[in-house]
Amino acid sequence: MKYSAFSIFKQALSGNKGWTPAWREPEPKSHYDVIIVGGGGHGLAAAYYLAKNHGITNVAVLEKGYLGSGNVGRNTTIVRANYLLEGNEPFYSHSLRLWEGLEQELNFNAMMSQRGVINLFHSDGQRDAYARRGNAMRLAGEDAELLGREEVRELVPYLDFDNPRFPVHGGLMQRRGGTARHDGVAWGYARGADSRGVDLIQNCEVTGIRREGGRVVGVETSRGFIGCNKLGLAAAGNSGRVAQMAGMRLPVESQVLQAFVSEGLKPFIDQVVTFGAALFYMSQSDKGGLVFGGSLDLYNSYAQRGNLATVESVMEAACAMVPSVSRVKVLRAWGGVMDMSMDGSPIIDKTPVEDLYLNCGWCYGGFKATPASGWCFAHLLATGETHELAKAFRLDRFTHGRQIDETGHGAQANLH
Amino acid sequence: MASLITCPHCGVRPKEEFTIRGDASPVRPAPAAEFAAWDEYVHIRDNVRGVMKEHWQHSGGCRRWLVVERDTFTHDVHGVTDAADFTKARAGKPAKAEKPAKAGKGRAKA
């Protein structure tokens, strides 16, 4: 059913009884051209672009829970393209452009809000690093602006500018960055893919990958065997487990990252603000809750929950950056399983197993990448060739010393 | 996650005294080993969902490196050994320490 002002009006007059489900709930067919494992943002976006850009509609997305039950529904909704390195920035830049047209494209309200992202800096060294990053972003065609202390104060007056240890010297601003309604993105892509004929199969856990003569021929699932010509894995935190079914080990560790939302407040924080003295970021949802998060819990985990020591350090960072939040009550905290790669950058590539394709290693930056990841993964699945924008995201880059290591931490997954 | 860890040297201690490095199962290859062996050691992980052995350092205590056996799904801690004993045991040599490392008690559950 098409959503429009007219359909809202018509439904309003008929008691809103005529709305139909946003997508079908089909029984799995015995065979598909392409199966995508993982009904999160990336899997659904890939299915959507497979149908739209490449005309491949005999596609199934298999999801072990419900659509969007993983990280796409568990993140802090930040959209940005402020990367330094060549392999990353053009990809994220493309993603941001797709975000800008996403709602029109999907005819779905994803509440995309380009409210700006400010990365604060607190020392001369950090200023230099952000100036460099801003220049790299502008070279890649993105917008970036280095703000001085007073310019930041005008935008975000409530920061602790005179903190003795971490005085705010300024910030790097990307005005086109912002936030989007995370569930809405998953639902929009799901509806778009479904309306083009893609089967979205929920409560269908993949338990094995069947291979014949080195090629993938299908997957064993909790709802029986389903055959396919090509198989794409977009299983985020569970990528390692799914890859293991095809006999592969990945340069990925699964770790837990927590996020938080406070009670609803009046409009208070207009942008996304990130702290430079610790890993901490905060924005305010349209409902009024402060949405914020910090670093990983730093240990391997498949549990979608974290531990209190990290909660404490995130709250400390919040109070150090914005002292006035110290009495705000936190409503909810939750954890998501991150596929932390060994250089902090993702993988969109073929695998040594024929007809098996991999999309993983998004660390804790997967949400903003959703449109471009789907775009490039669909291209790879359809053509067998890596998309120009994702050519650096190779699976074998670690072997050949072509890591894309934004933070320079080396092969220590929990430090990225 | 368990909030208490039983250090084989210091006894029951709060988890915050420890620093987690990561997977203890990869074995460091010989310096002159094949490139592929080093590549695998540095980059490739089993990424276990279940019981996993990890290197932890008791950085706020005895500063010894330890091997903690922990479930990555339930976060239960099943045992703690000194890293030196763990390495010897893995190499098939008898451990030097007389008393075997104790597993986390009931209180040390997640």
Side-chain angles (χ1 to χ4, degrees), chain A residues 235-245 248-256 258 295-313 335 337-343 347 360-361 394-403 405 409-416, chain B residues 1-5 13-29 33-60 65-78 80 104 107-110:
Chain A
N238 285 300
S239 294
R241 294 176 65 211
V242 188
Q244 202 178 25
M245 295 172 192
M248 293 194 319
R249 295 162 77 223
L250 301 178
V252 166
E253 288 183 12
S254 295
Q255 307 230 351
V256 61
Q258 302 191 64
S295 77
L296 293 169
D297 279 29
L298 300 174
Y299 50 83
N300 287 44
S301 173
Y302 281 91
Q304 288 177 317
R305 61 181 191 283
N307 88 71
L308 283 170
T310 307
V311 176
E312 187 179 18
S313 75
V337 184
M338 308 291 122
D339 34 337
M340 300 300 298
S341 69
M342 288 294 165
D343 62 356
I347 294 161
C360 71
R394 295 173 62 102
L395 175 60
D396 65 356
R397 66 174 182 268
F398 302 95
T399 308
H400 299 294
R402 299 192 184 278
Q403 286 90 333
D405 192 341
H409 276 121
Q412 176 71 28
N414 59 5
L415 296 182
H416 288 291
Chain B
M1 184 76 151
S3 52
L4 296 171
I5 301 292
R13 309 296 300 176
K15 177 184 66 63
E16 282 66 46
E17 288 185 2
F18 299 80
T19 311
I20 306 172
R21 194 199 69 86
D23 198 349
S25 45
V27 181
R28 191 179 175 88
E34 294 274 322
F35 178 77
W38 274 101
D39 179 31
E40 181 166 318
Y41 169 71
V42 175
H43 298 124
I44 305 296
R45 296 288 178 271
D46 284 333
N47 202 12
V48 179
R49 183 185 189 269
V51 178
M52 173 182 181
K53 293 188 173 73
E54 287 172 322
H55 276 133
W56 289 36
Q57 190 187 21
H58 194 183
S59 43
W65 279 97
L66 310 170
V67 172
V68 174
E69 210 172 313
R70 189 178 63 88
D71 192 306
T72 59
F73 186 67
T74 64
H75 291 170
D76 286 344
V77 172
H78 295 296
V80 186
R107 285 176 68 198
K109 286 279 164 65

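Letters go in sequence order (proteins before strands), and every chain restarts at 1.
With A:N300 as reference, B:N47 is the one residue of B:V48, B:N47, B:D23, B:D46 to meet the side-chain contact (heavy atoms from CB on, under 4.5 Å) rule.
Of the listed residues (A:A303, A:S239, A:G240), the one with the most heavy-atom contacts under 4.5 Å to chain B is A:A303. When each of A:D297, A:T399, A:L415 is scored by its heavy-atom pairs under 4.5 Å with chain B, the top score falls to A:T399. No other option in B:E40, B:R49, B:R21 has as many heavy-atom pairs under 4.5 Å with chain A as B:R49.
B:H43 has its side chain within reach of A:Q403: a pair of non-hydrogen atoms, C-beta onward, lies under 4.5 Å apart. The closest side-chain heavy-atom distance from A:N307 to B:H75 is not below 4.5 Å.
No part of A:Q304 comes within reach of chain B, as not one of its non-hydrogen atoms sits under 4.5 angstrom from that chain. For a residue to count as touching a neighbouring chain, one of its non-hydrogen atoms must lie under 4.5 Å from one of that chain's; by this rule A:R249 touches chain B with backbone and side chain alike.
Residues A:Y299 and B:R70 approach most closely at CD1-NH1, 3.4 Å, considering heavy atoms. Shown here for A:A411 and B:R45, the closest heavy-atom pair between the two residues is O-NH2, 4.3 Å.
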